[in-house]
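As structure tokens, the structure follows; a few thoughts come after it.
These numbers come from a predicted model, not from an experiment. No hydrogens, no waters, no symmetry mates; every other heavy atom, side chains included, goes into these values. In what follows, chains are A, B, ... by sequence order, proteins preceding strands, each numbered from 1.
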There are 2 protein chains.
Amino acid sequence: MAEMDGTYAYDKYAHEPFAVTADLAVLTILDGVLHVLLVERGQEPFKGHWALPGGFVQPDESAETAARRELAEETGLSDVSGLHLEQLRTYSEPGRDPRMRVVTVAFTALLPHPPPDSLRGDPHLASLEPHGGSDAAQARWVPYDKAGPLAFDHDRILADAQERVGAKLEYTCLATAFCPPEFTLGELQHVYEVVWGTALDRPNFRRKVLATPGFVAPVPGAARLTGGRGKPAALYRAGTATALHPPLLRPTPEGHPA
Amino acid sequence: MAEMDGTYAYDKYAHEPFAVTADLAVLTILDGVLHVLLVERGQEPFKGHWALPGGFVQPDESAETAARRELAEETGLSDVSGLHLEQLRTYSEPGRDPRMRVVTVAFTALLPHPPPDSLRGDPHLASLEPHGGSDAAQARWVPYDKAGPLAFDHDRILADAQERVGAKLEYTCLATAFCPPEFTLGELQHVYEVVWGTALDRPNFRRKVLATPGFVAPVPGAARLTGGRGKPAALYRAGTATALHPPLLRPTPEGHPA
DNA sequence: TTCTTTATAGTCGTAGTGACTATTAAGGGG
DNA sequence: CCCCTTAATAGTCACTACGACTATAAAGAA
């Protein structure tokens, strides 16, 4: 390990130091479409380009703590503690930032579409105020498909995040993290369809979800009436289970045997 | 993202710099038991303790490049380019290293048990020479279960690595990375049994592997004779497939419904 | 009303798998 | 040399899970 390299012990700054940042791919479903939270850069390099939110890891915090703090700062959400935040991977290629050596620990966060009241802030984040010092930046929800070329290697980070989330939907109960506290099975299915980009058979999806103990729990005596156009759907809450055994595999577009 | 923080742009060293290391959990199967490659620390802190191999990421290399280089240096293996190396996760909690702020990108590597000739070096790495400057260190294969308390937070990294590998065996063809170029289905099954710590039904395992196109490919006209005590087994090579659809789920120890 | 929309209920056939029981082909011990 | 052990391979059977359906229920819209 690093600590065994004698060079370091003798000269703490014999090695060029790295800047470490925590960047976030914050995903949500807005108007039935997968959206990602982006900020517009207010200074060079990539001034005027859109990028993933994030920021420096401070000396006294872990990358995850930094990610959570940056998320709260840049989105205006007040209660970020209950959010599902997951480390994606770390990007360390030289040259990622033209100015200096930056190592980025990327995280993925999932937000319910209509943010519940517990997460205060603009419900749709239509116009987020820039928050920081000399930077003039705006933050905005952007449809995943239209998240054009981003600054740095953020296109790749975003693609990795989407792929990871899609994969995790298969074998975890993560989909409920996209849903408000109470949701219908149709909404839950929509999460899968939007992230995977494929349609699912509704009765089969329903059967699978209900057959998985702890995936969802019915809300005691409620049905959703006024909103929908069809038959009112039963409301559910997220259950206690986290894993999905056996997994809910996405339909195989290519000729997979299964 | 980090680059948007005005503070940094005005004073490059306004933030305390981080040291970045790449550490490795190198796993293999030796004598039918899961082993991990450890090095003994030759200096404080944790002098005399065992730790995962690793080292500093140099200014001109990525964490993965550094991991590969360190692996080659510390194990004496010459051809490390074909090795399966996968980023595990990044550990960034303050206080991981009592001396300074160190962010570690951890990797997992899988090695075939009898290292093929293409990977030169001591076949069993029984006595690796320490390689670096002022450090007196030895490297050794240690059974996973006996990899006692390690230096720093390496116990957790190692546990994470084992868990990750176990999970990946379920839905990838990764198990062949533990096997020499030509192997029997019994050896492949043993990989699963050792990593998962459970016994598998041999006919069922065989059926599953052979039914998955591209998992393994038979060696043209060979059977292994002299070695085993029973009926000679057919030899296979790793196939071209990487994913396992549907997955090969480990037996559910607790009351999973599946 | 009738049509449309969505939720829910249920059916049927099949792939995949867990739990088995043979059978084959080697080596080792008497 | 025969028999026992060991391990690979072949095959069976039942049950689960799932894909592809059809049918019914309950709302709003035309």
Side-chain angles (χ1 to χ4, degrees), chain A residues 32 169-171 179 182-193 196 198-213 215-216 218-219 221-236 243-258, chain B residues 32 169-171 179 182-193 196 198-213 215-216 218-219 221-236 243-258:
Chain A
L169 288 190
E170 289 192 317
Y171 57 96
C179 296
E182 298 190 348
F183 52 87
T184 69
L185 293 186
E187 290 172 323
L188 187 64
Q189 178 178 347
H190 198 69
V191 170
Y192 280 86
E193 295 179 326
W196 286 350
T198 61
L200 297 178
D201 180 83
R202 204 185 297 267
N204 289 343
F205 178 83
R206 172 189 194 75
R207 178 222 282 156
K208 174 68 179 176
V209 171
L210 294 181
T212 302
F215 195 169
V216 297
V219 171
R224 177 211 213 180
L225 294 158
T226 43
R229 273 196 300 280
K231 177 176 176 178
L235 287 173
Y236 295 86
L244 216 48
H245 259 282
L248 174 52
L249 301 176
R250 28 190 155 183
T252 80
E254 315 118 49
H256 271 308
Chain B
L169 288 190
E170 288 192 318
Y171 57 96
C179 296
E182 298 189 349
F183 53 87
T184 68
L185 293 186
E187 291 171 323
L188 187 65
Q189 179 179 346
H190 198 69
V191 170
Y192 280 86
E193 294 180 327
W196 286 350
T198 61
L200 298 178
D201 180 82
R202 203 185 296 267
N204 289 343
F205 179 83
R206 171 189 193 76
R207 180 222 280 155
K208 175 67 179 176
V209 171
L210 294 182
T212 302
F215 194 169
V216 297
V219 171
R224 175 209 214 180
L225 295 157
T226 43
R229 274 196 300 281
K231 177 176 176 177
L235 286 174
Y236 295 87
L244 215 48
H245 259 283
L248 175 50
L249 301 175
R250 33 191 151 181
T252 79
E254 317 119 47
H256 270 309

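- In this structure, Leu185(A) atom CG and dA25(D) atom P are separated by 20 Å, rounded to whole Å.
- Legend: residues meeting ring pair (Phe, Tyr, Trp, His ring centres under 6.0 Å) with Tyr192(B), ordered by chain and number and at least two apart, are Trp196(B), Phe205(B).
- Taking side-chain N and O atoms only, Arg229(B) has a distance below 4.0 Å to OP1 or OP2 of dA7(D).
- Leu200(B) approaches Glu193(B) most closely through the heavy-atom pair N-OE2, 2.8 Å.
- Lys208(A) has a side-chain polar atom (N or O) that falls below the 4.0 Å cut-off from OP1 or OP2 of dC18(D).
- The two residues Ala211(A) and Pro213(A) come nearest to each other via the heavy atoms O-CD, 3.2 Å.
- Taking atom CG of Leu248(B) as the reference point, atom P of dG18(C) lies 8 Å away to the nearest angstrom.
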Every protein N/O within reach of nucleotides 9-13 of chain C N/O, cut-off under 3.5 Å:
{"unit_1": "dA9(C)", "atom_1": "OP2", "unit_2": "Arg206(A)", "atom_2": "NH2", "d": "3.4"}

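- Residues passing the side chain to side chain contact (heavy atoms under 4.5 Å, CB included) test with Tyr171(A), sequence neighbours excluded: Lys168(A), Pro247(A), Tyr171(B).
- Of all the heavy atoms in Leu244(B) and Glu170(B), the pair that sits closest is CD2-O, 3.7 Å.
- When the P atom of dT6(C) is taken as reference, atom CD of Glu193(A) falls 12 Å away, rounded to whole Å.
- Between the C1' atom of dA26(C) and the NZ atom of Lys231(B) lies a distance of 9 Å, rounded to the nearest Å.
- For the residue pair Asp201(B) and Gln189(B), the shortest heavy atom distance occurs at C-NE2, 4.0 Å.
- Nucleotide dT6(C) holds its C1' atom 16 Å from the CG atom of Leu188(A), rounded to whole Å.
- Atoms CZ (Arg202(B)) and C1' (dT23(C)) sit 15 Å apart, rounded to a whole Å.
- Protein atom CZ of Arg250(A) is 18 Å distant from nucleotide atom C1' of dC18(D), rounded to whole Å.
- Straight-line distance from the CG atom of Leu200(B) to the C1' atom of dT9(D): 17 Å, rounded to whole Å.
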